[in-house]
Amino acid sequence: MAYWLLKSEPDVFSFADLQAAGREPWNGIRNYQARNFLRQMCPGDLGLFYHSNTQPPHIAGVLRVVSEPYPDDLQFVAASDYYDPRSSTEAPRWSMVDVEPVAAFALPVTLDDLRALPEWAESPLVRRGNRLSVMPVSEAEFRAALRAGQPAQSVD
DNA sequence: GCCAACGTTGGC
DNA sequence: GCCAACGTTGGC
């Protein structure tokens with residue numbers, strides 16, 4: 001099983017929104033590096049749901065990948081912000097996976113909290129100027145985040 | 001294929 | 001609102 005970190009701006013789509021929805025496609029990824037990580041995801045993988053562009057930025061909870069990667073439908077929707085005219089149904093450029101909420105963190109784990117954890121010292125997330133919206137997380141990083149976040153429900 | 005200009009992300 | 005980082009675009 002692999003671990004991931006997925007960023008979302010809470011004003012656009014928050015962990016609470018995912019809890020309300022129950023299951024959602026993680027669409028709108030339009031960066032090749034992030035897309036390539038999405039394509040490595042497998043059902044059962046766990047992810048940290050990171051709230052970006054908020055004060056303070058923080059991990060809000062844990063999600064689970066519940067589908068194989070498949071084409072992001074918004075790339076074909078001309079009216080969508082995520083439309084890509086270079087994409088076709090024969091050769092889709094962008095992928096997504098479906099995700100479900102697993103557990104909210106009792107204690108949101110802020111970026112500063114992560115910087116204080118030795119397990120996170122090497123993560124690109126804690127480095128200045130990092131813009132990658134989907135990234136792999138090591139088991140040690142994941143466990144350290146869980147320990148700090150103290151989710152009410154068991155995650156495993 | 002190089003690289004300058006531009007656009008976007010996202011912390012501060 | 002600023003700006004660092006960095007990906008993308010397009011002229012050449």
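All chains are named by letter (A, B, ...) in the order of the sequence lines, taking the proteins before the strands, and each is independently numbered beginning at 1. This structure is a prediction, so every number in the text was calculated from the model and none was measured.
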Expressed as a whole number of angstroms, how long is the span from [X]:[atom1] to [N]:[atom2]?
{"X": "A:Asn36", "N": "C:dG7", "atom1": "CG", "atom2": "P", "answer": "13 Å"}
{"X": "A:Leu125", "N": "B:dG10", "atom1": "CG", "atom2": "P", "answer": "10 Å"}
{"X": "A:Ile29", "N": "B:dG10", "atom1": "CD1", "atom2": "C1'", "answer": "14 Å"}
{"X": "A:Asp11", "N": "B:dG10", "atom1": "CG", "atom2": "C1'", "answer": "13 Å"}
{"X": "A:Arg30", "N": "B:dG10", "atom1": "CZ", "atom2": "P", "answer": "15 Å"}
{"X": "A:Arg127", "N": "C:dA4", "atom1": "CZ", "atom2": "C1'", "answer": "15 Å"}
{"X": "A:Arg128", "N": "B:dG11", "atom1": "CZ", "atom2": "P", "answer": "12 Å"}
{"X": "A:Leu132", "N": "B:dT8", "atom1": "CG", "atom2": "P", "answer": "18 Å"}

Just to confirm, is there a sub-4.0 Å distance from OP1 or OP2 of [N] to any side-chain nitrogen or oxygen of [X]?
{"X": "A:Arg115", "N": "B:dC12", "result": "yes"}
{"X": "A:Tyr50", "N": "B:dG11", "result": "yes"}
{"X": "A:Lys7", "N": "B:dG10", "result": "yes"}
{"X": "A:Arg86", "N": "C:dT9", "result": "yes"}

With a 3.5 Å cut-off and no angle check, do the side chains of [X] and [Y] form a donor-acceptor pair?
{"X": "A:Trp94", "Y": "A:Asp84", "answer": "yes"}
{"X": "A:Ser95", "Y": "A:Arg39", "answer": "yes"}
{"X": "A:Glu9", "Y": "A:Asn53", "answer": "yes"}

Any side-chain heavy-atom pair of A:Tyr50 and A:Leu125 under 4.5 Å: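 They are in contact (side-chain heavy atoms under 4.5 Å apart), so the answer is yes.
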Side chain of A:Arg131 (C-beta onward), nearest among B:dG10, C:dC6, B:dC12: C:dC6
Separation between CG of A:Leu46 and CE of A:Met41, rounded to the nearest 0.5 Å: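 The CE atom of A:Met41 is 11.0 Å from CG of A:Leu46, to the nearest 0.5 Å.
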Touch class at under 4.0 angstrom, heavy-atom based, for A:Arg35 against every strand present: nothing
